[in-house]
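Read the structure below first, then the notes.
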Amino acid sequence: MISVMVVDDHPIWRDGVARDLTEHGFEVRATAPDGAAAVRIATAVRPDVVLMDINLGTTSGVDATREITMALPDTRVLVLSASGEHSDVLEAVKAGASGYLVKSASAKELVDAVERTAQGDPVFTPGLAGLVLGEYRRMADAPDGGAPPPRLTERETDVLRFVAKGLTARQIAERLVLSHRTVENHVQSTLRKLQLHNRVELARYAIEHGLDKE
């Protein structure tokens, strides 16, 4: 059973989404009314998926998304927002969100999105996926312009070193005493940060930067 947490500052909407998900067989472990509570509660209940609004009054769902994905690499965040603004979508993805769904989505679309997010698939309202891909392509094609290099966490760097040495995800998990899924999450996060497409490119990047020698 997929475990879910619902974050929204409107109690009627929040409770309605939680009830719908429960009726569709999900385990709703918790709900939260704002970003600060979301981070605190998610850390305690560790859901598979956090359904996150980004407009939470005085707090930011984007900031909460960033903190949750950093603290809980096994937890994925799916944004569910009334906003379809391109800037909101891009900020959420850059903060670590796995997908972005607008609140006009049907119940069936929501259920499907949560299931796919739990499986590790990126899920976007039609039209928004192209926006995200286009932005990453633009960033990749743009001259450096003095932009700082992507910042990897210490654990992401550890995983990248082992990728460069040709170890599988299961072998890396054994070396670092992590779950296989956690290693996969670190790999996907690193691919996203480095704007790479697969493990071959990831290994090439690591070797070019000398990480296979460390």
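Note: hydrogens, waters and symmetry copies are ignored here, and every other heavy atom, side chains too, is used.
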Quiz prompt | Expected output: side-chain Arg29 to main-chain Val45 donor-acceptor under 3.5 Å | solution = yes
Self-check item: Within-4.5 Å side-chain heavy-atom neighbours: Leu178 and Arg155
Solution: yes
Quiz item: Quick one: does Ile54's side chain get under 4.5 Å of Ser60's, heavy atoms only?
Solution: no
Quiz item: Is any side-chain heavy atom of Leu152 less than 4.5 Å from a side-chain heavy atom of Lys193?
Solution: yes
Exercise. Hey, could you give me the CD/CZ distance between Glu174 and Arg170, rounded to the nearest 0.5 Å?
Key: 9.0 Å
Exercise. Kindly indicate, with the supporting measurements, whether the criterion side chain to side chain contact (heavy atoms under 4.5 Å, CB included) is fulfilled by Leu101 and Val79.
Key: CA-CA 6 Å; Leu101 206 63; Val79 171; over 6 Å; no
Quiz item: Going by heavy atoms in the side chains, are Asp48 and Arg181 under 4.5 Å from each other?
Solution: yes
Quiz prompt | Val6-Phe26 co-clustered via ILVMFWY side chain contacts under 4.5 Å | solution = yes
Practice problem: Apply side chain to side chain contact (heavy atoms under 4.5 Å, CB included) to Leu78 and Ser98, showing your working. | Solution: CA-CA 6 Å; Leu78 172 63; Ser98 297; over 6 Å; no
Practice problem: Might you work through the side chain to side chain contact (heavy atoms under 4.5 Å, CB included) test for Glu27 and Val4, ending with a clear yes or no? | Solution: CA-CA 6 Å; Glu27 177 194 357; Val4 184; over 6 Å; no
Quiz prompt | CG on Asp15 to OG1 on Thr22, rounded to 0.5 Å | solution = 10.5 Å
Quiz item: In Å and rounded to the nearest 0.5 Å, what is the CZ to CD1 distance from Arg76 to Ile2?
Solution: 10.5 Å
Quiz item: Under 4.0 Å between a Lys/Arg side-chain N and an Asp/Glu carboxylate O for Arg40 and Asp34?
Solution: no
Quiz prompt | Side chain proximity check, Trp13 to Asp53, heavy atoms < 4.5 angstrom | solution = no
Practice problem: Verify the cluster assignment for Val183 and Leu160: are they in a single hydrophobic cluster under the rule of side-chain heavy atoms below 4.5 Å apart? | Solution: yes
Self-check item: Common cluster, Leu72/Val159, ILVMFWY with side-chain heavy-atom separation under 4.5 Å
Solution: no
Quiz item: Which heavy-atom pair separates Asp63 from Arg66 by the least distance, and what is that distance?
Solution: OD1-NH1, 3.1 Å
Exercise. I would like to know whether Val49 and Met5 meet side chain to side chain contact (heavy atoms under 4.5 Å, CB included); could you show each step before the answer?
Key: CA-CA 6 Å; Val49 177; Met5 175 178 168; over 6 Å; no
Quiz item: Is the closest side-chain heavy-atom distance between Ser81 and Tyr100 below 4.5 Å?
Solution: yes
Quiz item: Which atom pair, heavy atoms only, marks the closest approach of Pro73 to Thr182?
Solution: CG-CG2, 4.1 Å
Quiz prompt | Candidate list Val114, Thr117, Val7, test side-chain contact (heavy atoms from CB on, under 4.5 Å), partner Leu51, passing option | solution = Val114
Exercise. Say whether, by atom type as modelled, one donor and one acceptor occur between the side chain of Gln119 and the main chain of Arg116 under 3.5 angstrom.
Key: no
Practice problem: Taking all heavy atoms of Asn55 and all of Ser83, pick out the closest pair and write down the distance. | Solution: ND2-CB, 4.0 Å
Quiz item: What distance do Arg192 atom CZ and Glu156 atom CD have between them, rounded to the nearest 0.5 Å?
Solution: 8.5 Å
Practice problem: Consider only side-chain heavy atoms of I, L, V, M, F, W and Y, link residues closer than 4.5 Å, and tell whether Val187 and Leu176 are in one cluster. | Solution: yes
Practice problem: List the atom of Gly25, the atom of Met1, and the distance in Å for their closest heavy-atom pair. | Solution: O-CG, 3.3 Å
Self-check item: Nearest heavy-atom neighbours spanning Thr31 and Ile41
Solution: O-CD1, 3.7 Å
Self-check item: Greater than 12 external heavy atoms within 6.0 Å of Glu154's CD
Solution: no
Exercise. Would you name the heavy atoms of Arg14 and Asp8 that are closest together and state the gap between them?
Key: NH1-O, 2.5 Å
Quiz item: Can you tell me how far CZ of Arg175 sits from CZ of Phe162, rounded to the nearest 0.5 angstrom?
Solution: 5.5 Å
Quiz item: Can you find a pair of side-chain heavy atoms, one from Ile68 and one from Met52, that are under 4.5 Å apart?
Solution: yes
Practice problem: Could you grab the distance from atom NE2 of His24 to atom CD of Glu115, nearest 0.5 Å is fine? | Solution: 9.0 Å
Self-check item: Check: Val50 and Thr75 side chains under 4.5 Å, non-hydrogen atoms
Solution: yes
Quiz item: Same cluster for Leu194 and Leu191 if Ile/Leu/Val/Met/Phe/Trp/Tyr side chains link at under 4.5 Å?
Solution: yes
